[in-house]
Participant: 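Can you read through this structure? Questions will come right after.
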Amino acid sequence: MSELHFLSGNEAVAQGVRLSRPRVIAAYPITPQTIVVERLSEMVESRELAAEFVHVESEHSALALVMGSAAMGVRTFTATSSQGLMYMAECLHYTSGGRFPLVMMNANRSLALPWNIYGDQSDSLALLSSGWIQVYAETAQESLDMIIQAYAVAEDVRVRTPVLVNLDGFVLTHTYEPVIVPDQDTVDAFLPPPDFPPGYPGTFDLLRPQSLAVSAGPGDYAGFKYRQHRDMVAAAEPIRDVGGRFAEIFGRGSADLIEPYRCGDAELVMITLGSIAGTVRDVIDDLRADGLRVGLLRIRYLRPFPSEDLRRLLFGPLRRAAVAAIGILEKDISFGHQGGVALEVKAALYDQAEASAPAGLPPVRNFIAGLGGQDISRGQIIAMFDDLARAAGRDGDEPARSVRFVGLEASR
Amino acid sequence: MTISLKNLSAEEYFLGHKACGGCGGSLVVRWTLKVLGERSYVVMPAGCMSAVGFIYPQMALGVNAMISPFAATGAVLSGIAAAVRAKGLRDVHVVGFAGDGGTADIGLQSLSGAFDRKERIIYICYDNEAYMNTGIQRSGATPWGARTTTSPGGFRPSSPAPKKDLVRIAAAHGVPFAATASVGYPTDFLRKVEIAGSIDGPSFLHVYAPCPTGWACESDATIRLGKSVVDTGLWPLVEWRDGAARLNRDPEAFVPLADYLAMQGRFKTLRPEEISAMERVRDGAWKSLRAWVRESSAG
Amino acid sequence: MPTTMHETVWLGRGGQGAFTAARLLGLAAVRFAGKQALAFPSFGPERRGAPVFAYTRIADRPIRDRSAVRRADVAVVMDESLLDQVSTDFLVAESLVIIDAEAGPTDAGSGERFFRVPARKIARDILGSDHTNTVLLGVFIGLTGLLPIDAVTAGIVAEFGQGAKGGKNVAAFRCGWEVGRASSETGDAARRYGHG
Amino acid sequence: MSRPSGADGRSVALRRKRGTPRGDMVMAERRTAACSLRAGGSVSDGWPLAPQLDAGHLTSSNSGWRTRWPEITVACTRCGLCFLYCPDGAIAKEGDGTPRVAPDWCKGCGVCAVECPKGAIEMRDERKGRIER
């Protein structure tokens with residue numbers, strides 16, 4: 001029987017990992033991820049979870065180690081955050097190129113300097129091109145659910161791509177909230193066994209020895225990379241399948257890579273990701289009560305990037321009103337340009353512009369907020385919608401300034 | 001069964017590789033796998049042996065093998081060892097081959113972790129005394145006076161000193177078995193690999209592996225150098241087992257260094273007084289080594 | 001009880017159990033009272049002795065807002081010396097402030113919205129320690145009736161177990177509850193935070 | 001074709017005519033073989049489902065590296081040291097212990113000739129023309 005618990009995001013992740021029965025866990029402590037590995041080590045010591053728990057000497061070793069275990073054909077888990085993710089960066093590319101079906105939790109945290117342990121999304125955004133599927137959870141419940149789904153996605157033989165499950169540091173990792181913990185039997189029925197079948201790609205075989213993680217020259221290398229890209233793009237379908245199947249069995253969650261909220265008739269649309277979506281929902285309900293047509297698109301997966309879903313949700317035939325302005329709220333900045341999510345969204349919108357020219361596109365504003373754990377208040381979100389309303393009514397004379405650092409007057 | 005030349009396996013597990021002619025490192029891999037056999041899982045970090053062994057689609061390793069990130073040989077070995085435990089596999093060997101740069105420099109952290117956790121792994125450092133795969137740059141194991149492309153005048157820190165002592169670093173972790181070996185003394189080497197394969201815990205071999213390309217010597221000098229380096233006392237054959245160190249060869253006198261050095265272009269900038277200084281350093285190192293042997297075996 | 005969100009701020013020092021109290025309240029609300037809740041600490045490294053804020057949000061429908069708590073319906077002050085040392089912007093005119101009375105009155109505030117209780121003395125008597133969190137939780141529930149007493153008791157048992165530790169903490173909670181309850185029957189607090 | 005085993009089973013390269021360049025057909029064949037054991041995916045694009053291949057999958061010989069060839073003379077006593085010391089594993093022992101050099105794998109480094117205690121191996125210059133074997 002599933003049970004209702006009161007858990008933090010980190011604890012919910014640990015429960016999701018326990019239910020997924022990895023055979024090897026290796027992790028190095030870093031705030032705000034530590035509670036995940038503390039809970040897992042307790043579970044292993046109490047034999048609630050039959051896994052090898054390996055105390056490693058660094059994040060680099062943590063990810064390299066679970067790659068070695070995955071090469072042996074077993075399910076693994078590791079978790080990190082911020083500087084730790086940066087220290088792993090080499091191994092992220094390595095493991096995705098090797099097509100190892102790993103699952104890692106990342107507690108989204110700022111990057112030094114200045115040194116700062118609080119939550120923002122600079123870490124995972126900086127590694128968007130590392131070949132990992134990236135998913136962002138909004139709640140502790142979704143965190144637990146996404147860990148289980150991540151294994152189903154990563155190990156799908158069509159995908160064979162590692163999955164990074166992101167939780168906002170502290171705001172999600174350290175906040176306690178209601179979480180339904182599913183029962184083991186249901187999860188066992190949902191996931192394949194934690195030992196991969198013989199002959200699973202990218203694994204050793206004593207009867208037919210294999211060379212793994214090999215080198216390849218220019219021609220062959222490009223071929224492998226093409227295949228990796230193609231499979232990542234195609235992973236959207238398995239992701240939807242897994243999400244849909246999960247929703248059917250567990251009664252919650254979504255098959256969508258982008259989750260809309262009151263968006264179908266919205267004129268002002270905020271696009272965001274992670275736990276801040278909850279506060280945005282509250283603000284939208286309040287503004288709607290005042291008669292404003294506002295809505296939300298929560299990006300769940302940044303990789304594979306759901307370009308077509310985004311264009312359909314913003315401009316598709318089922319919309320009941322045209323979108324007049326778009327905001328992108330994110331907790332990172334690609335220095336010298338814009339927020340990383342805005343770059344992704346705008347790239348997708350350009351394809352739309354090409355298709356729909358000369359109608360053009362609505363104005364887009366990029367709100368950079370929450371850096372280094374800065375609180376994002378309801379008032380600030382309301383002000384962002386005000387900005388969007390002004391942008392929508394703009395007559396074209398005012399020069400567009402698309403990036404705004406929320407709460408920093410100097411940038412105004 | 002003691003492995004010897006007589007009963008050494010005819011199976012070749014490292015064939016068709018693209019190493020330079022006369023490569024000592026490839027000999028280390030070839031011999032090791034003949035002893036350990038086909039139920040081996042091999043990890044090689046970025047470096048010569050991985051670069052010459054796995055060039056798609058030419059796969060020169062005959063057993064399960066993979067390339068690890070440069071710094072992570074110890075970690076990937078540990079991951080395989082953890083899965084071996086999880087799966088309850090028996091009679092398998094988890095063995096890493098890393099160069100001196102991959103061991104003494106960038107890989108030391110993950111090696112230390114694997115030692116510390118007492119993983120059941122065999123770690124073999126084939127020491128060719130520089131970063132050869134990238135084109136002969138100075139490493140933490142480059143000997144005093146040797147010319148590399150980043151020490152073109154000969155590597156000379158303030159005073160001649162012995163190389164980083166990897167075996168004693170391993171011993172300080174309390175590993176059950178750590179030893180040096182040289183391609184010039186194959187019987188000693190094969191015996192040590194066999195011991196390593198029987199140890200329940202980490203074992204470490206630091207093997208002298210000439211690189212004709214990087215050392216500017218003849219491609220047929222590999223074995224001669226492997227004998228000479230031991231006979232000159234520059235490369236003691238020593239083993240640490242269960243808390244006691246033992247010398248496998250304990251010569252009363254050493255062959256002069258000059259012959260050994262003269263075979264290699266990398267040492268040609270050395271002046272006679274520097275060679276004398278190197279001999280004094282060697283003698284000091286032996287004094288320390290013999291004291292270690294004495295003290296550890298007395299306990 | 002208010003129909004909208006109820007927000008509590010717990011103020012203590014590292015090691016006093018402020019966050020445990022915040023989490024216990026949320027746990028009881030979610031698991032044993034059929035309500036929704038969020039509980040979170042002031043984010044950052046945990047340091048013994050350092051000022052600690054913890055927060056509990058309780059509502060009847062799912063709580064989605066994760067932004068900082070800006071006003072406290074209830075503030076529980078486990079160490080009064082903190083009132084002079086940290087920002088208390090969250091205290092508004094309507095806030096009920098529950099303070100451990102050991103330190104005696106201070107300049108920090110007075111009046112009917114300030115409720116002083118000898119929590120440390122009760123904790124020493126019942127628990128044999130200075131951990132005032134379950135006592136103060138009891139005072140809080142006794143004063144406000146925010147959750148049924150059985151729900152919180154069940155939450156304490158779920159947290160501390162059925163053994164001696166759980167039993168003592170339930171006793172400490174009940175003692176605090178009686179102090180709060182007795183006061184609420186006569187005091188102003190009951191009118192504003194009553195169990196209706 | 002899987003891993004090499006001694007002098008006889010040493011890959012297609014040995015069986016190919018010497019001098020034949022590594023052909024696309026051979027590579028395609030090899031890739032398909034390596035892919036076919038991996039479950040659940042198409043191999044039609046020619047790349048395996050992960051950067052992996054069967055161990056010992058050999059497609060190209062090293063004979064072009066060589067300028068010298070070790071000629072084993074009648075002075076050989078079948079001591080086996082040349083087999084031991086060859087860094088390329090290119091010398092196999094036949095049933096009676098007679099060493100045989102694999103032309104595809106010998107790089108002509110000369111270690112065997114230097115280490116032969118009887119001086120029974122002579123390095124012959126190959127640059128003026130391949131020695132017929």
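Throughout, protein chains are lettered first and strands after them, A, B, ... in sequence-line order, and every chain is numbered starting at 1. For clarity, every value in this text was computed on a predicted model and none was experimentally measured.
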Participant: I need the minimum non-hydrogen distance between R224(B) and E115(D), along with the two atoms involved.
Facilitator: N-OE2, 3.5 Å
Participant: Please give me the minimum heavy-atom distance between Y56(B) and P48(D), naming the atom from each residue.
Facilitator: OH-CD, 3.2 Å
Participant: Do I223(B) and V114(D) make a side-chain contact, defined as non-hydrogen atoms from C-beta onward lying under 4.5 Å apart?
Facilitator: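 Counting from C-beta outward, I223(B) and V114(D) never come under 4.5 Å.
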Participant: Nearest heavy-atom pair of G21(B) and C109(D): which atoms, and what distance?
Facilitator: C-CB, 3.6 Å
Participant: With side chains defined as the heavy atoms from C-beta onward, is the minimum distance between L84(D) and P186(B) less than 4.5 Å?
Facilitator: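 Yes, side chains in contact.
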Participant: So which heavy atom on V183(B) is nearest to which on Y85(D), and how close?
Facilitator: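 Result for this residue pair: O-CE2, 4.1 Å.
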Participant: Does E218(B) have any side chain to side chain contact (heavy atoms under 4.5 Å, CB included) partners at least two apart in sequence or in another chain, and if so, which?
Facilitator: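 Testing E218(B) for side chain to side chain contact (heavy atoms under 4.5 Å, CB included), a comparison that skips the adjacent residues, returns D220(B), A221(B).
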Participant: Quick check on the structure: residues of residues 127-135 of chain B within a heavy-atom distance below 4.5 Å of chain D, by number.
Facilitator: none
Participant: Where does C79(D) contact chain B at under 4.5 Å (heavy atoms): side chain, backbone, both or neither?
Facilitator: backbone
Participant: Partners of F189(B) by ring pair (Phe, Tyr, Trp, His ring centres under 6.0 Å), sequence neighbours excluded?
Facilitator: W31(B)
Participant: Sub-4.5 Å heavy-atom contacts with chain D: which residues of residues 23-30 of chain B show up?
Facilitator: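 Result: C23(B), S26(B), L27(B), R30(B).
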Participant: With side chains defined as the heavy atoms from C-beta onward, is the minimum distance between R68(D) and S219(B) less than 4.5 Å?
Facilitator: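 Yes - at least one pair of side-chain heavy atoms lies under 4.5 Å apart.
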Participant: Which atom names give the shortest non-hydrogen contact between A55(D) and L61(B), and what distance separates them?
Facilitator: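 Shortest heavy-atom contact: CB-O, 3.2 Å.
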Participant: Does the side chain of K18(B) reach to within under 4.5 Å of the side chain of N62(D), using non-hydrogen atoms?
Facilitator: yes
Participant: Considering all heavy atoms of both residues, which atom of K6(B) and which atom of K93(D) are nearest to each other, and what is their separation?
Facilitator: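 Minimum heavy-atom contact is O-NZ, 4.5 Å.
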